[in-house]
There are 2 protein chains.
Amino acid sequence: MRLVLARCTVDYEGRLSAHLPEAVRLIMVKADGCVAIHADGGAYKPLNWMNAPNRLVIDEAAGLWVVTNAKGETLTITVHEILAEVNHELGVDPGLRKDGVEAHLQELLAANPTVIADGLRLVRREYPTDIGPVDLLCRDANGATVAIEIKRRGEIDGVEQLARYLEFLNRDPLLRPVRGIFVAQEIKPQARVLAGTRSIGWVEVDYDELRGIVSEELRLF
Amino acid sequence: MRLVLARCTVDYEGRLSAHLPEAVRLIMVKADGCVAIHADGGAYKPLNWMNAPNRLVIDEAAGLWVVTNAKGETLTITVHEILAEVNHELGVDPGLRKDGVEAHLQELLAANPTVIADGLRLVRREYPTDIGPVDLLCRDANGATVAIEIKRRGEIDGVEQLARYLEFLNRDPLLRPVRGIFVAQEIKPQARVLAGTRSIGWVEVDYDELRGIVSEELRLF
DNA sequence: GACTAGATGTCGGGG
DNA sequence: CCCCGACGTCTAGTC
């Protein structure tokens, strides 16, 4: 990783055009070749960047750094003055372990659909439709089809998504009629209202509690 | 901006849990207080981060950096060894000028609605409805109302957005019946399918060509 | 503060 | 490789 603190101007031409007037910024070049220009604020997002794969050509004498990629995008950095510089090999990162995202929530609910509603049985996870996969397809105690959409945070677009799936699922005579249940750790008031007008049910589930139920069940076997 | 290259382990507890085993990484602390942990690859996104506003407490002796925020999230960095360090004031950045995003596409199309469909005349840009503004409201050659939604890339949620607007516009007896056209530089297959089922038309436009048409017209006057 | 919609979104998974 | 949906999305604008 090469870190250069420099007074510079920057131009990007590609998906859009962008220009940065002269100022002191951090230029970060990673081992995979990606380049990022950071200001001293504005969260972790750089002002400008160019992802790998790309080609970086540096004319040290002219202070001209030009990054190009196969898509025809160009990032041009004009370095007026270098204030500090660090260059160091970091090696490959052992990587990140995550826990608590939607995929895990879906796993837990797939294993315990009765948490959503009594008598619910799983037919399939990621049940495919023409406009994308439904998180869970189930049958209820009466054998009727139930489509489940799972979100970490339940907002309006999640309800829309489920409504779309229902529209398509209800065209299938083998499944029809299909009702929907929107499941999330927390469901926003507007999402509840919209679900109501779409005749879609909603259930809030507690992630930690759910993990508890699962370990409880494992303990019994 | 403080840059520290260090062998470290990192833990994040908040919206999810994440753990980074010991490795050499870059720790970036910006003037606004935000903290980011970068590996030597993986585009510009850090492995872990904590946005401002937050509180950073450093126990130099123990090599323990703890960042907390009001939402109850915690980023804990255990620094085992510091390999390099730079500290520098960058000052406030003069900011970024952009060109070529959706707003500009809307301008161009507002000036040339016939690119979307023959005989189309603009009534108003950002025509207000109860649930937000429609990009363009037009009349076609027969005087019928047409609502236009413009995206750079046409995906499913853009179709949904237009469908919502149409639902509201069609309640207005002065406008009714209103049909919709979804316009983008590129429209994804699934978005086309959904538009079809919603009786919404769609048109792909070429941004560069459109700029050409506009400059051509300017030249004629 | 809540809600909406854009983003050079980025990233990962499946076909 | 495209297509699609999640993301600790982030961010800016409006109400």
Side-chain angles (χ1 to χ4, degrees), chain A residues 11-18 34-37 42-52 54 67 69 71-75 95-96 98-106 126 128-135 149-153 155-158 160-161 164-165 188-191 193-194, chain B residues 12-18 34 36 42-52 69 71-75 96 98-106 126 128-135 149-158 160-162 164-165 184 186-194:
Chain A
D11 282 278
Y12 165 77
E13 284 291 334
R15 280 169 281 188
L16 55 70
S17 303
C34 70
V35 181
I37 318 291
Y44 67 68
K45 195 178 180 185
L47 295 164
N48 280 112
W49 68 92
M50 189 78 107
N51 284 348
N54 63 43
V67 196
N69 71 8
K71 287 180 234 164
E73 297 170 292
T74 309
L75 185 71
L96 184 64
K98 286 184 183 183
D99 181 28
V101 281
E102 188 192 307
H104 195 207
L105 197 56
Q106 192 193 108
E126 301 290 345
T129 77
D130 286 349
I131 50 159
V134 181
D135 284 343
E149 176 64 32
I150 302 164
K151 293 279 181 224
R152 199 173 54 76
R153 282 163 45 198
E155 298 181 21
I156 252 177
D157 52 342
E160 293 280 28
Q161 199 179 333
R164 276 199 307 274
Y165 292 144
K188 296 288 176 72
Q190 294 206 343
V193 171
L194 186 65
Chain B
Y12 164 78
E13 284 293 332
R15 279 169 282 188
L16 56 69
S17 302
C34 71
Y44 68 69
K45 197 178 179 184
L47 296 163
N48 279 111
W49 69 93
M50 191 75 109
N51 285 347
N69 70 11
K71 288 179 234 165
E73 297 170 291
T74 309
L75 184 72
L96 184 63
K98 289 182 182 184
D99 180 29
V101 280
E102 187 193 308
H104 195 207
L105 196 56
Q106 191 193 110
E126 302 288 347
T129 77
D130 287 348
I131 50 162
V134 181
D135 285 342
E149 176 65 31
I150 301 164
K151 293 277 181 229
R152 203 171 54 77
R153 283 165 47 197
E155 296 180 23
I156 257 175
D157 50 344
E160 292 285 26
Q161 203 179 328
L162 179 51
R164 280 200 300 275
Y165 291 144
E186 187 207 340
I187 298 177
K188 296 290 174 72
Q190 295 206 343
R192 297 179 188 192
V193 171
L194 186 65

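Since the model is a prediction, treat every value here as computed from it, not as a measurement. The chains referred to below are lettered A, B, ... by the order of the sequence lines, with proteins before strands, and numbering in each begins at 1.
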Sugar-phosphate, base or nothing in reach of A:E155, heavy atoms under 4.0 Å: nothing
B:Q161 vs C:dG6: side-chain N/O to OP1/OP2 distance below 4.0 Å: yes
Touch class at under 4.0 angstrom, heavy-atom based, for A:E126 against every strand present: nothing
Atom-pair distance (CZ on B:R192; C1' on D:dC2), nearest Å: 13 Å
Whole-angstrom distance between D:dC7 and C:dG6, as gauged at atom C1': 15 Å
Side chain of A:N51 - closest among C:dT8, C:dT10, C:dT4: C:dT10
Whole-Å gap separating P (C:dA7) and CH2 (A:W49): 11 Å
Over all atoms of both residues, closest heavy-atom pair of A:E155 and A:A191: C-CB, 3.7 Å
Under 4.0 angstrom between A:K151 side-chain N/O and D:dA6 OP1 or OP2: yes
Given DNA chain D, 5'-ward residue of the pair A:D135 and A:R153, judged by closest heavy atom: A:D135
Within-4.5 Å side-chain heavy-atom neighbours: A:D157 and B:E160: no
Residue-phosphate contact under 4.0 Å: A:R15 side-chain N/O, C:dT10 OP1/OP2: yes
Sugar-phosphate only, base, or nothing, as touched by B:N48 at under 4.0 Å among non-hydrogen atoms: base
pi-stack flag for A:Y12 and C:dT8, centroid dist under 5.5 Å, interplanar under 30°: yes
Protein-nucleotide distance (B:L96, atom CG; D:dT11, atom P), rounded to Å: 14 Å
Side-chain heavy-atom pair B:I156, A:R164 within 4.5 angstrom cut-off: yes
Flag side-chain contact, heavy atom, 4.5 Å: B:E126 against B:V134: no
Phosphate-side-chain proximity, B:K188 and D:dC2, N/O vs OP1/OP2 below 4.0 Å: no
Sugar-phosphate, base or nothing in reach of B:E149, heavy atoms under 4.0 Å: sugar-phosphate
Flag, side chain of A:Y44 to backbone of B:N51, donor-acceptor distance under 3.5 Å: no
B:R164 vs C:dA5: side-chain N/O to OP1/OP2 distance below 4.0 Å: yes
Shortest side-chain distance from B:A43, nucleotide among C:dC11, D:dA6, D:dT11: C:dC11
Among D:dC3, D:dG5, C:dT8, the nucleotide that comes nearest once only the side chain of B:P189 is considered: D:dC3
Phosphate contact (C:dA7 OP1 or OP2) by B:Y44 side-chain N/O below 4.0 Å: no
Between C1' of D:dA12 and NZ of A:K45, the distance in whole Å: 11 Å
